[in-house]
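So that the names make sense, note that chain A is the first sequence line, chain B the second, and so on, each numbered from 1.
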2 protein chains.
Amino acid sequence: MLASNLTIRPLFEEAATVDEPCGLAMLFVRNPIERAAPGQIVFFEGDRALHLFVIREGNVRICRQLHDGRRVITGFLAKGDVVGVSFKNRYLYSAEALDNVSFQRQTKVEFEKQLLARPDLRPMLLTQLCDEVAAAQDQMVLLSCRSAEERLCSFLLARLQKSMAQGCEPNVINLPMTRLDIADYLGLTIETVSRTITKLAGQGILSAGRRHEILVLKKSALVQRAGEDEADGDDTVDDAPRHYHH
Amino acid sequence: MLASNLTIRPLFEEAATVDEPCGLAMLFVRNPIERAAPGQIVFFEGDRALHLFVIREGNVRICRQLHDGRRVITGFLAKGDVVGVSFKNRYLYSAEALDNVSFQRQTKVEFEKQLLARPDLRPMLLTQLCDEVAAAQDQMVLLSCRSAEERLCSFLLARLQKSMAQGCEPNVINLPMTRLDIADYLGLTIETVSRTITKLAGQGILSAGRRHEILVLKKSALVQRAGEDEADGDDTVDDAPRHYHH
DNA sequence: CGAAACTTTGATATTTCTCAAGTTTAGTGG
DNA sequence: CCACTAAACTTGAGAAATATCAAAGTTTCG
């Protein structure tokens, strides 16, 4: 067996936009491409973890269900992401298609075997695991002590970066997930997410066009309101009060 | 280089109580034992990440500082835990002694070299990374959608398990950290932690004796109030209303 | 075109935070 | 060994953020 239940990003994010699978993703190329329609579940939390998956097209949400019905989304996957690496026998979360998804699977056993044949790919596995931990810890910080506005701004900036990398028009954020997905990812309610977007739009910071697309008008203001994160200003600067905790 | 910035639990938790270092911890035995007094910092967030560390005695908190002064504790370490594994050049968090700590260090380079010489230890690194991711995701769930009471009860149960494993008297929780540490770990304020403990004590579920020790009177009630987690009842059962989100 | 799903908006409730003051504990030095 | 001090913890009252409940608007898709 191999590695804990988790999601793995491609080693070279940029390369993921190219159609030639590289890195760990190349270990899946021999298998047939499968498809999942929006809302369809690729694998269930609690299922025996027999396969790893790589996303070829579309977007996926990673969910954990609490027995009382509450749901937490621990991440979103896109083209090139690998998911299901695990030392555990069962998946610790389910993976659900957000839109039309195509993916490939590989049995754990075969994955391991191929990994042995390609020792150059092994460090990538470690790198991915480490990045995964870093991402999870960042999310812990976000959930621990950030206000709704800070959470949403952080999220939108991360999404903006991803959208840009995927070749969207500049300053356009692609949001393949619903508001409820965003809420469950940020530890908020759908109403709070909606209100916060409305507020930011009212301040001229962004403009919510179609449901799954947001235009960023003042990136610097978004960065400020995100509280931490990467700086990379390019326009006007506003004042951004903050509060909360200690 | 090797592995992302994170903390690693010993492969066999039980064995950690034995003084013979095993697993990854054995890669440190040749180095001198260093000591840190309470409050002293073993390494700083942002420092160049040149070493890995193993805790030999005492307890350590893992902190991330936000630029506005807020602090998040992402974990606590104890005897046998390894910390500092990273592909990154700099530590993503600092490690601070809670009490009198003794530890050993090892350079990354030497650690890697020794790991090559002991290929049987390599899967342990993966296992640890995976466990780390799983733990971080559990914490995300906790921070995402659990009430103060649920968080505290989860935390106390986890600590109870750890205390038992370390050979404390049954039902005694050892808390080497302060209330503020607990608050920063659970994403609450110190006042909320205090009030919640008081409330649980008032309900006869636990009894706060000395500052760093709590006696569990009704473990099953604690499990119920924790909301999820491992079941393992052994006494009375109460009703536990819950609420919050969706 | 109409229904269903998704989103926004509003009014109110609740939790938890904040600020402030008091109490206990642990540690120090006389 | 005790008194004293600083740190840690508890408790209370009020404020703020966000959740909840409810209803009305949109968009999407058949």
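Each of B:Leu175, B:Asn174, B:Ile182 was checked for a side-chain contact (heavy atoms from CB on, under 4.5 Å) with B:Arg159, and the lone residue meeting it is B:Leu175. A salt bridge (Lys or Arg N to Asp or Glu O under 4.0 Å) with B:Asp184 holds for exactly one of B:Arg70, B:Arg71, B:Arg61, B:Arg64; it is B:Arg71.
Taking the six-membered ring where the residue is Trp, B:Tyr91 and B:Phe53 present tilted rings, their angle falling between 30° and 60°.
When the P atom of D:dC29 is taken as reference, atom CG of A:Asp99 falls 12 Å away, rounded to whole Å. We find that CD1 of A:Ile190 is positioned 14 Å from C1' of D:dC21, with the value rounded to whole Å. Residue B:Arg210 contributes atom CZ, which lies 19 Å from atom P of D:dA8 at whole-angstrom precision. Going from atom CD of A:Glu149 over to atom P of D:dA16 covers 17 Å, rounded to whole Å.
For A:Thr198 and C:dT9, the shortest distance from a side-chain N or O to OP1 or OP2 is below 4.0 Å. Between A:Thr189 and the phosphate of D:dT18, there is no side-chain N or O to OP1/OP2 separation shorter than 4.0 Å. Between B:Arg179 and D:dT10 there is a side-chain N or O to OP1 or OP2 distance below 4.0 Å. For A:Arg195 and D:dT18, the shortest distance from a side-chain N or O to OP1 or OP2 is not below 4.0 Å. Distances shown here put every side-chain N or O of B:Ser194 at or beyond 4.0 Å from the OP1 or OP2 atom of D:dC9.
The shortest distance between side-chain heavy atoms of B:Gln137 and A:Tyr93 falls below 4.5 Å.
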